[in-house]
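We're numbering straight along the sequence, starting at 1. These values consider heavy atoms only, across backbone and side chains, with no hydrogens, waters or symmetry-generated copies.
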Amino acid sequence: MKQQTPLFDSMVEAMAMPRFVRLRPNLYAVVFSLMKILPAKHMVEQARADGRLSPGTPVLETSSGTFALGLAMVCRRWGHPLTIVGDPAIDPALRVRLEMLGTRVEIVDDFDAPGGIQGARLARLEELRREQPGVFVPGQYDNPGNPASYLPVAELVAGTVGRVDRLVGPVGSGGSSGGIAGALRMFGEELELVGVDTPGSVLFGLENGPRPLRGLGNSLYPGNVVHRSYDEVHWVSAAAAFHTTRHLFAERGVFAGPTSGAALLAADWHARRSPEETTVVVFPDDGYRYQDTVYSEGWLRDQGHWAPDLADDPLLVRKPCGLDPHWTRMRWDRRPAPRHAVAR
């Protein structure tokens, strides 16, 4: 009997689940084309099922990256008008894709607002919500459906890889790394969770600041980031992430976005350091959005991100300060959120 290829009703279903690639004998990558389709799909379908989202009801959300695109695909699939409140990180190519899917895009640029640019986006989101009674807001940062949506991924990881000693993933909303690790621990795995952040992000105790590396980190504290789940955190600079992303494609043919490079830098270090343990790393999206930036030597040189001087090992710190310019790690040891953290 011939093996049948799965047939999907739409690209939403076809793109929701990842592929698996072994990068080392003990290092496995969970490779998504567009990871944020999964939580967007789960949250919209859950809201439709329980009556919070009626047919044709408008959807409103804030995002400047892949969640916006994933949600746009889902809303187009189910016929919901979508408005996205974003910031200048929505590049022209992404904006074209969003608008082709019927999404209205509104850009805010008040980087000095309380909570930084994400605070400004959330403030505008609330204004629009008050102006449009009955609109549905998925709320990726606080909706428990975000981490819950990764249960099928955890099941695939357990069934494909077997025992997992360590999961490494970028942290932004807290959905993917926290959701996969939480489910694997629910299955009985006593794994270590390593979060990958970037300087300028407040998630693990740093001061808010500029973040040239987008797609991970945050200016606020999402409710879905459960700090007591994390055993270690790595802070990776934009230059280090871009360099590792390019190396991933040149050496392995994995065409990924820069948050994947940031995660790989930390995961590969752990895999080399602990060859007897199995490490799994999450790659959230493909590289097509970054062809004119991360994959352009000229752009990298112009931006000062070309060929960083990376050490073989990250700088180890005991508290979130005194970071290396490119790569630092800290044992988090499942401690609570930083004292000054206030969930939005």
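For the residue pair D87 and S64, a side-chain donor N or O sits within less than 3.5 Å of a side-chain acceptor on the partner. Side chains of R76 and T103: a donor-acceptor N/O pair is absent below 3.5 angstrom, by distance only. Donor-acceptor pairing under 3.5 Å is lacking for the side chains of T62 and R124. Checked by atom type, the side-chain pair S33/D286 shows no donor-acceptor distance below 3.5 Å. Side-chain atoms of S274 and D165 form no donor-acceptor pair, as typed in the model, at a separation below 3.5 Å.
Between the S177 side chain and the G169 main chain, no donor and acceptor come within less than 3.5 Å of each other. A donor-acceptor pair is defined here as one N or O able to donate and one able to accept, closer than 3.5 Å; such a pair exists between the side chain of D142 and the backbone of G223. Between the side chain of E13 and the backbone N or O of F8, no donor-acceptor pair lies under 3.5 Å. The backbone N or O of L53 sits nowhere less than 3.5 Å from a side-chain atom of T57 that would complete a donor-acceptor pair. In this structure a side-chain-to-backbone donor-acceptor pair under 3.5 Å is missing from N224 to G174. Looking at N26, its side chain does come within 3.5 Å of a backbone N or O of E277 through a donor-acceptor pair. One N or O on the side chain of R246 and one on the backbone of V294 form a donor-acceptor pair closer than 3.5 Å. A donor-acceptor pair under 3.5 Å is formed between the side chain of S201 and the backbone N or O of N218. Under the 3.5 Å distance criterion, the side-chain polar atoms of R163 are left unmatched by any main-chain donor or acceptor of E189.
Note: M73 CE to R77 CZ = 10.5 Å, rounded to the nearest 0.5 Å. Here CG of N143 is found 9.0 Å from CD of E61. Values are rounded to the nearest 0.5 Å. Taken from CD in E106 to CD in E127, the straight-line distance is 8.5 Å, to the nearest 0.5 Å. Atom-to-atom distance recorded for H270:NE2 and E192:CD is 6.0 Å, nearest 0.5 angstrom. Between R289 atom CZ and L94 atom CG the span is 4.5 Å, to the nearest 0.5 Å. Here the straight-line distance linking atom CG of L71 with atom CE of M43 works out to 7.5 Å at 0.5 Å rounding.
Within 6.0 Å of the CD atom in E131, the count of heavy atoms belonging to other residues, nucleotides or ligands exceeds 12. Annotation: F187, atom CZ; neighbour count of heavy atoms from other residues, nucleotides and ligands within 6.0 Å is above 12. Atom CZ of R331 has more than 12 heavy atoms from other residues, nucleotides or ligands within 6.0 Å. The local environment of CE in M100 is sparse, with at most 12 non-hydrogen atoms from other residues, nucleotides or ligands closer than 6.0 Å. Counting non-hydrogen atoms of other residues, nucleotides and ligands closer than 6.0 Å to CG of D292 gives a total of 12 or fewer. Residue R97 places its CZ atom among 12 or fewer non-hydrogen atoms of other residues, nucleotides or ligands, all under 6.0 Å distant. Atom CG of D309 has 12 or fewer neighbouring heavy atoms from other residues, nucleotides or ligands inside a 6.0 Å radius. Few gaps surround CG on D333; more than 12 heavy atoms of other groups in view lie less than 6.0 Å from it.
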Discussion item. Is there a side-chain contact (heavy atoms from CB on, under 4.5 Å) between L264 and L23? Walk through the geometry before answering.
Written reply: CA-CA 10 Å; L264 176 62; L23 302 176; 3.8 Å; yes
Practice prompt. Quick one: do I90 and I84 satisfy side-chain contact (heavy atoms from CB on, under 4.5 Å)? Show the steps, please.
Written response: CA-CA 10 Å; I90 294 184; I84 287 291; 4.3 Å; yes
Worksheet entry | Pair V157-Y150, side-chain contact (heavy atoms from CB on, under 4.5 Å): steps then yes or no | CA-CA 11 Å; V157 170; Y150 291 94; over 6 Å; no
Discussion item. If you apply the rule side-chain contact (heavy atoms from CB on, under 4.5 Å), what do you find for T279 with R24, and how did you get there?
Written reply: CA-CA 9 Å; T279 297; R24 289 182 178 275; over 6 Å; no
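Ring planes of H305 and W299: tilted class, angle from 30 to 60°. Ring geometry, F204 versus W235: the interplanar angle exceeds 60°, so the pair is classed perpendicular (tilted spans 30 to 60°). The aromatic rings of W332 and H227 sit tilted relative to each other, their planes meeting at an angle between 30° and 60°.
Closest non-hydrogen pair, Y141 versus S173, comes out as CD2-CB, 3.8 Å. Closest of all the heavy-atom pairs between P199 and V236 is CD-O, 3.5 Å. Taking both residues in full, the closest heavy atoms of A72 and L101 are given as CB-CD1, 3.8 Å, listed atom of the first, atom of the second, then distance. Between V105 and E99, the shortest heavy-atom contact is CG2-CG, 4.2 Å. Of all non-hydrogen atoms in A241 and L213, the two that sit nearest each other are CB-CD2, 3.7 Å. In plain terms, the two heavy atoms of L128 and V85 that are nearest each other are CD1-CG2, 3.6 Å.
The closest side-chain heavy-atom distance from P314 to H234 is below 4.5 Å. Between K41 and S149 the shortest side-chain heavy-atom distance does not fall below 4.5 Å. Proximity of P170 to P284: side-chain heavy atoms (C-beta onward) are separated by under 4.5 Å at one or more points. Side-chain contact between V30 and L156 is absent, with no heavy atoms from C-beta onward closer than 4.5 Å. When side chains are defined from C-beta on, K36 does not count as touching L69, because their heavy atoms never get closer than 4.5 Å. Between Q46 and R52 there is a side-chain heavy-atom pair separated by less than 4.5 Å. Between Q291 and S296, the closest side-chain pair of non-hydrogen atoms is not below 4.5 Å. Put simply, the side chain of T244 does not reach to within 4.5 Å of the side chain of L248, judged on heavy atoms.
V21 and V168 fall within the same hydrophobic cluster, defined by Ile, Leu, Val, Met, Phe, Trp and Tyr side-chain heavy atoms under 4.5 Å apart, directly or through other members. Cluster membership for L193 and V196, using ILVMFWY side-chain heavy atoms within less than 4.5 angstrom, is not shared. Residues Y230 and M330 are members of one and the same hydrophobic cluster, defined by side-chain heavy-atom contacts under 4.5 angstrom among Ile, Leu, Val, Met, Phe, Trp and Tyr. L34 and V254 fall into different hydrophobic clusters, where Ile, Leu, Val, Met, Phe, Trp and Tyr are joined by side-chain heavy atoms under 4.5 Å apart, directly or via other members. Hydrophobic clustering (side-chain heavy atoms under 4.5 Å, transitive across Ile, Leu, Val, Met, Phe, Trp, Tyr) keeps M35 apart from F249.
At a threshold of 4.0 Å, the pair D268-R252 does not count as salt-bridged, since none of the basic side-chain nitrogens sits closer than that to a carboxylate oxygen. The pair E45-R48 fails the salt-bridge criterion, with no side-chain N (NZ, NE, NH1 or NH2) lying under 4.0 Å from an Asp/Glu carboxylate O. Contact check on R272 versus D312 returns no salt bridge, with no Lys/Arg side-chain nitrogen under 4.0 Å from an Asp/Glu carboxylate oxygen.
Ring to ring, Y295 and F255 are close: their centroids are under 6.0 angstrom apart.
Results of the side-chain contact (heavy atoms from CB on, under 4.5 Å) test with D197 over V202, V171, V233, L206 single out V233 as the only residue that passes.
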